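Model, not experiment: these values are computed from the prediction.
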Amino acid sequence: MTLNERLRYFRKEVLGMNQRQFASALGMAQTSVSAFEADGGGVSDRVLKTICTMFNVREEWLRAGEGEMYSPEPVFSLDRFVAERGATELELAIVKAYFELDPATRRTVLEHFKARLASAVTDEDEAEAEALKQDYLRQKKAAAVS
């Protein structure tokens with residue numbers, strides 16, 4: 001299967017999109033999709049990278065048909081995350097126990113801690129948070145002007 005055939009196959013059979021829908025998703029004209037799906041049609045690196053990014057397709061598969069079609073989804077490990085931050089076994093057990101609660105109970109627990117922690121915030125804390133926010137907005141504005 002050629003690159004052009006893989007693009008057509010991916011669009012049509014995997015995504016179930018027509019050329020107009022695929023082109024719209026990529027921010028290009030339908031005629032561009034038609035051109036790069038045609039036998040021998042050229043496909044720019046930019047278009048290939050856009051397709052790979054938007055649809056989580058591996059570039060090696062798209063270019064040469066090698067390996068798996070999709071890039072593996074990133075795996076998040078709670079155990080590794082808390083271990084990297086020096087959590088104790090008890091802290092890990094607390095986090096896991098929280099997520100084992102049913103959603104309604106979790107919402108209740110969360111609301112309890114929000115209310116409890118909100119009452120602990122002082123005027124000084126709020127002033128510091130506002131100053132940090134204003135500093136961030138100034139930096140963002142300065143970066144946009146540059």
Problem set entry | Point-to-point distance, once rounded to the nearest 0.5 Å, from CD of Gln30 to OG of Ser24 | 11.5 Å
Seminar exercise, completed: Residue set satisfying side-chain hydrogen bond (donor to acceptor under 3.5 Å, both in side chains) with Asn18, at least two apart, ordered chain then number -> none
Exercise. Crowded around Arg63 CZ? As in, over 12 foreign heavy atoms under 6.0 Å?
Worked result: yes
Exercise. Is Asn4 reaching over with its side chain to a backbone N or O of Asp39, donor-acceptor style, under 3.5 angstrom?
Worked result: no
Exercise. For the atom pair OG (Ser71) and CD (Glu60), what is the distance rounded to the nearest 0.5 Å?
Worked result: 7.5 Å
Seminar exercise, completed: To the nearest 0.5 Å, atom CG of Asn56 lies from atom CE of Met69 at 11.5 Å
Problem set entry | Partner set under side-chain hydrogen bond (donor to acceptor under 3.5 Å, both in side chains) for Glu130, not counting sequence neighbours | Gln134
For this session: Return the minimal non-hydrogen interatomic distance between Trp61 and Arg6, and the atom names on each side.
Result: O-NE, 2.9 Å
For this session: Would you kindly confirm whether Leu101 and Ile94 end up in one hydrophobic cluster when ILVMFWY residues are joined by side chain heavy atoms under 4.5 Å apart?
Result: no
Problem set entry | ring-ring contact (aromatic ring centres under 6.0 Å, His included) partners of residues 79-129, not counting sequence neighbours, each pair once | Phe76-Phe81
Exercise. Would you find more than 12 non-hydrogen atoms of other residues, nucleotides or ligands less than 6.0 Å from Glu89 atom CD?
Worked result: no
Problem set entry | Linked, directly or transitively: Phe22 and Met1 (ILVMFWY side chains, under 4.5 Å) | yes
Exercise. According to the side-chain hydrogen bond (donor to acceptor under 3.5 Å, both in side chains) rule, which pairs have a member within residues 7-17, sequence neighbours left out?
Worked result: Arg11-Glu37
Problem set entry | Which atom of Thr2 lies closest to which atom of Glu5, heavy atoms considered | N-OE1, 2.7 Å
For this session: Would you mind reporting whether Val33 and Arg20 have side-chain heavy atoms less than 4.5 Å apart?
Result: no
Exercise. Looking at side-chain heavy atoms only, is the closest gap between Val47 and Met28 below 4.5 Å?
Worked result: yes
For this session: Output the distance between atom CG (Leu137) and atom CG (Leu132), rounded to the nearest 0.5 Å.
Result: 11.0 Å
Problem set entry | N/O donor-acceptor pair under 3.5 Å between Glu91 side chain and Thr88 backbone | yes
Exercise. Hey, does Val57 have a side-chain heavy atom less than 4.5 Å from the side chain of Val14?
Worked result: no
Exercise. Can you list the residues that meet the side-chain contact (heavy atoms from CB on, under 4.5 Å) rule with Ala35, with sequence neighbours excluded?
Worked result: none
Problem set entry | Atom of Met17, atom of Phe55 and distance for their closest heavy-atom approach | CE-CE2, 4.3 Å
For this session: Measure the spacing between CD of Glu66 and CD of Glu59 and express it to the nearest 0.5 Å.
Result: 11.5 Å
Seminar exercise, completed: On a heavy-atom basis, the closest approach of Met54 and Ala25 is CE-O, 3.0 Å
For this session: Would you please test Ile51 and Leu7 for side-chain contact (heavy atoms from CB on, under 4.5 Å) and show each step?
Result: CA-CA 9 Å; Ile51 292 169; Leu7 285 167; 3.6 Å; yes
Exercise. In this structure, are over 12 heavy atoms from other groups packed under 6.0 Å from Arg46 atom CZ?
Worked result: no
Problem set entry | Partner set under ring-ring contact (aromatic ring centres under 6.0 Å, His included) for Phe36, not counting sequence neighbours | none
Problem set entry | Gap separating the CZ atom of Arg80 from the CZ atom of Arg85, nearest 0.5 angstrom | 10.0 Å
Exercise. Does some side-chain heavy atom of Glu111 sit less than 4.5 Å from a side-chain heavy atom of Lys114?
Worked result: yes
